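Right, one structure below, let's go through it.
Just the heavy atoms: all of them, side chains too, but no hydrogens, waters or symmetry mates, feed the values below. Source: prediction; values computed, not measured. Lettering follows sequence order; numbering is per chain, from 1.
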There are 2 protein chains.
Amino acid sequence: MEKRRDVFQAIADPTRRGIIALLAGQSMTMNAIADYFDTTRPTISEHVKTLIECGLVVIRKEGRERHCEAKLEKLAEVSDWVAQYAKAWSKTLDNMETYLLEVSEKQKKSKNAKSENTRKSGGK
Amino acid sequence: MEKRRDVFQAIADPTRRGIIALLAGQSMTMNAIADYFDTTRPTISEHVKTLIECGLVVIRKEGRERHCEAKLEKLAEVSDWVAQYAKAWSKTLDNMETYLLEVSEKQKKSKNAKSENTRKSGGK
DNA sequence: TGAATATGTAGGGAATTCCCTACCTATTTA
DNA sequence: TAAATAGGTAGGGAATTCCCTACATATTCA
């Protein structure tokens, strides 16, 4: 019964991409997430579980609540995979480059004393 | 029973990602593709069909042969989706930026044959 | 403590996925 | 033209996915 739990599989489902979109803005409880969708709470719970299992979401317990936080570093696996084929479509490439440059410029300016990124949550 | 045929679903399958990897280098016939995998030819044929249906592959007929070509612009849908969350993980962001800059430099200047693949071999 | 709240999970059903073995058509070649 | 070659597709089976309705557990509140 071993299911395939990789990031590619995780983001294949539209509802899970929706959950990611929600959590990217702020962390939310299970119920709050479920309110955004037509499906039932248990179903959302399962989707979040899937996201947790592949490292895209972590849970912060707070009393009886579970606050779900996006942990989107794992999406790097996807962008790495796509990036190796980026040379095939230069137009999009330029857009992306521009976007990324812009974002990282902002980051470099705003944070100076923070340069450790050595996480090891679910790493492989 | 309409199946969901979107790019996210298409790249969720490891074999289909393998086919994309193959076709990114050069176009190949169905049989040639099938030779690279353990699965049977009909199975590969189905996978390619899926890729065609979501626009990642096109077919050029040549006699009784079907030459499959990668048409990876559609992957932009994926990279766009990922890019909107890129600000969340700066480390990977830098890698990506570096990579993309490098690639586009090559494009802007000229076509030099320089292939350093800093791929991580630890697939799964 | 008992009720309400937040969430997890079991069990199951319908649809889909992934793979296989035939079998069928189209094209090339002997 | 018959045989070989390239490829498509039907039919089916096993596993997985996605969703649901109970039901169970933990925490907070009255």
Side-chain angles (χ1 to χ4, degrees), chain A residues 1-23 26-71, chain B residues 1-23 26-71 123-124:
Chain A
M1 300 225 204
E2 270 305 299
K3 305 168 196 175
R4 187 153 47 89
R5 279 291 182 254
D6 57 85
V7 179
F8 288 94
Q9 189 65 33
I11 68 172
D13 186 87
T15 301
R16 283 195 293 267
R17 288 200 300 278
I19 293 173
I20 288 173
L22 275 178
L23 295 181
Q26 81 271 222
S27 61
M28 297 172 68
T29 64
M30 295 293 320
N31 274 334
I33 297 171
D35 281 346
Y36 278 83
F37 298 93
D38 278 337
T39 54
T40 63
R41 187 193 51 75
T43 297
I44 295 298
S45 184
E46 280 295 328
H47 279 310
V48 172
K49 191 174 165 189
T50 298
L51 293 172
I52 291 169
E53 282 171 5
C54 71
L56 284 167
V57 165
V58 292
I59 294 293
R60 179 169 41 84
K61 291 188 184 181
E62 218 168 271
R64 63 188 154 180
E65 295 177 340
R66 263 79 178 147
H67 293 262
C68 309
E69 302 181 28
K71 204 86 166 45
Chain B
M1 302 353 173
E2 273 301 303
K3 303 170 197 174
R4 188 153 46 88
R5 278 291 182 254
D6 57 84
V7 179
F8 289 94
Q9 188 66 32
I11 67 171
D13 185 86
T15 301
R16 283 195 292 269
R17 289 200 299 279
I19 293 173
I20 288 173
L22 273 180
L23 295 180
Q26 80 271 224
S27 61
M28 297 171 68
T29 64
M30 295 295 319
N31 274 332
I33 296 170
D35 281 346
Y36 277 82
F37 298 92
D38 278 338
T39 55
T40 62
R41 187 191 51 75
T43 296
I44 295 297
S45 183
E46 281 295 326
H47 279 310
V48 172
K49 191 174 164 187
T50 298
L51 293 172
I52 290 169
E53 281 171 6
C54 72
L56 285 168
V57 165
V58 291
I59 294 293
R60 178 169 42 83
K61 291 187 183 181
E62 219 169 89
R64 66 188 153 180
E65 294 178 340
R66 265 78 178 149
H67 293 262
C68 308
E69 301 180 30
K71 204 82 164 50
K124 101 119 100 133

key: Rounded distance (nearest 0.5 Å) linking atom CG of A:Leu51 with atom CD of A:Glu46   =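 With rounding to 0.5 Å, CG (A:Leu51) is 11.5 Å from CD (A:Glu46).
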inquiry  = Please compare A:Thr43 and B:Glu65 by the position of their nearest nucleotide in DNA chain D and report the one closer to 5'.
reply    =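 Nearest nucleotide further toward 5': that of B:Glu65.
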query = Starting at the 5' end of DNA chain D and moving along, which residue's nearest nucleotide shows up first, A:Gly63 or B:Thr29?
reply =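 Its nucleotide being nearer the 5' end, the pick is B:Thr29.
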In whole Å, I'd like the distance from the [atom1] atom of [X] to the [atom2] atom of [N].
X       : N      : atom1 : atom2 : value
A:His67 : C:dA6  : NE2   : P     : 11 Å
B:Ile59 : D:dG7  : CD1   : P     : 9 Å
B:Glu53 : C:dT17 : CD    : C1'   : 13 Å
A:Asp13 : D:dT16 : CG    : P     : 17 Å
A:His47 : D:dC19 : NE2   : C1'   : 8 Å
A:Glu46 : D:dC20 : CD    : C1'   : 12 Å
B:Ile44 : C:dT21 : CD1   : C1'   : 16 Å
B:Phe8  : C:dT16 : CZ    : C1'   : 20 Å

task = Kindly say if B:Arg66 contacts the phosphate of C:dA26, meaning a side-chain N or O under 4.0 Å from OP1 or OP2.
result =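 No, no such contact exists.
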Determine the minimum heavy-atom distance between [X] and [Y], stating which atoms define it.
X       : Y       : result
A:Arg17 : A:Ala12 : NH1-O, 3.2 Å
B:His67 : B:Thr29 : CE1-CG2, 3.7 Å
A:Ser27 : A:Arg60 : OG-NH2, 3.4 Å

request  = Would you jot down, in residue-number order, the residues of residues 30-40 of chain A having a non-hydrogen atom under 4.0 Å from DNA chain D?
outcome  =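 The stretch gives A:Thr39, A:Thr40 as the residues lying under 4.0 Å from the strand, ordered by number.
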key: side chain to side chain donor-acceptor pair (under 3.5 Å) partners for A:Arg16, two or more places apart   =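 A:Arg16 satisfies side chain to side chain donor-acceptor pair (under 3.5 Å) with A:His47 once adjacent residues are dropped.
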request  = With sequence neighbours left out, write down each residue that passes side chain to side chain donor-acceptor pair (under 3.5 Å) with A:Thr40, or none if nothing qualifies.
outcome  =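 Only A:Thr43 meet the side chain to side chain donor-acceptor pair (under 3.5 Å) criterion with A:Thr40.
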query = What about A:Arg64: does its side chain form a donor-acceptor pair under 3.5 Å with the base of C:dT5?
reply =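 Such a pair exists between side chain and base.
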Output a table of donor-acceptor pairs, distance under 3.5 Å, between side-chain atoms of residues 30-38 of chain B and any protein atom two or more places apart or on a different chain; print 'none' if there are none.
none

ask   = Between the two end axes of the helix from C:dT1-D:dA30 to C:dA30-D:dT1, each built from 5 base pairs, what angle do you get to the nearest 10°?
value =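 End-to-end axis angle: 10°.
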task = Output all residues satisfying side chain to side chain contact (heavy atoms under 4.5 Å, CB included) with A:Gln26, sequence neighbours left out; order by chain, then residue number.
result =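 In terms of side chain to side chain contact (heavy atoms under 4.5 Å, CB included), with neighbours along the sequence ignored, A:Gln26 is linked to A:Met28.
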key: Heavy-atom check, side chain of A:Leu56 versus side chain of A:Ile11, under 4.5 Å   =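 Result yes, sub-4.5 Å side-chain heavy-atom pair found.
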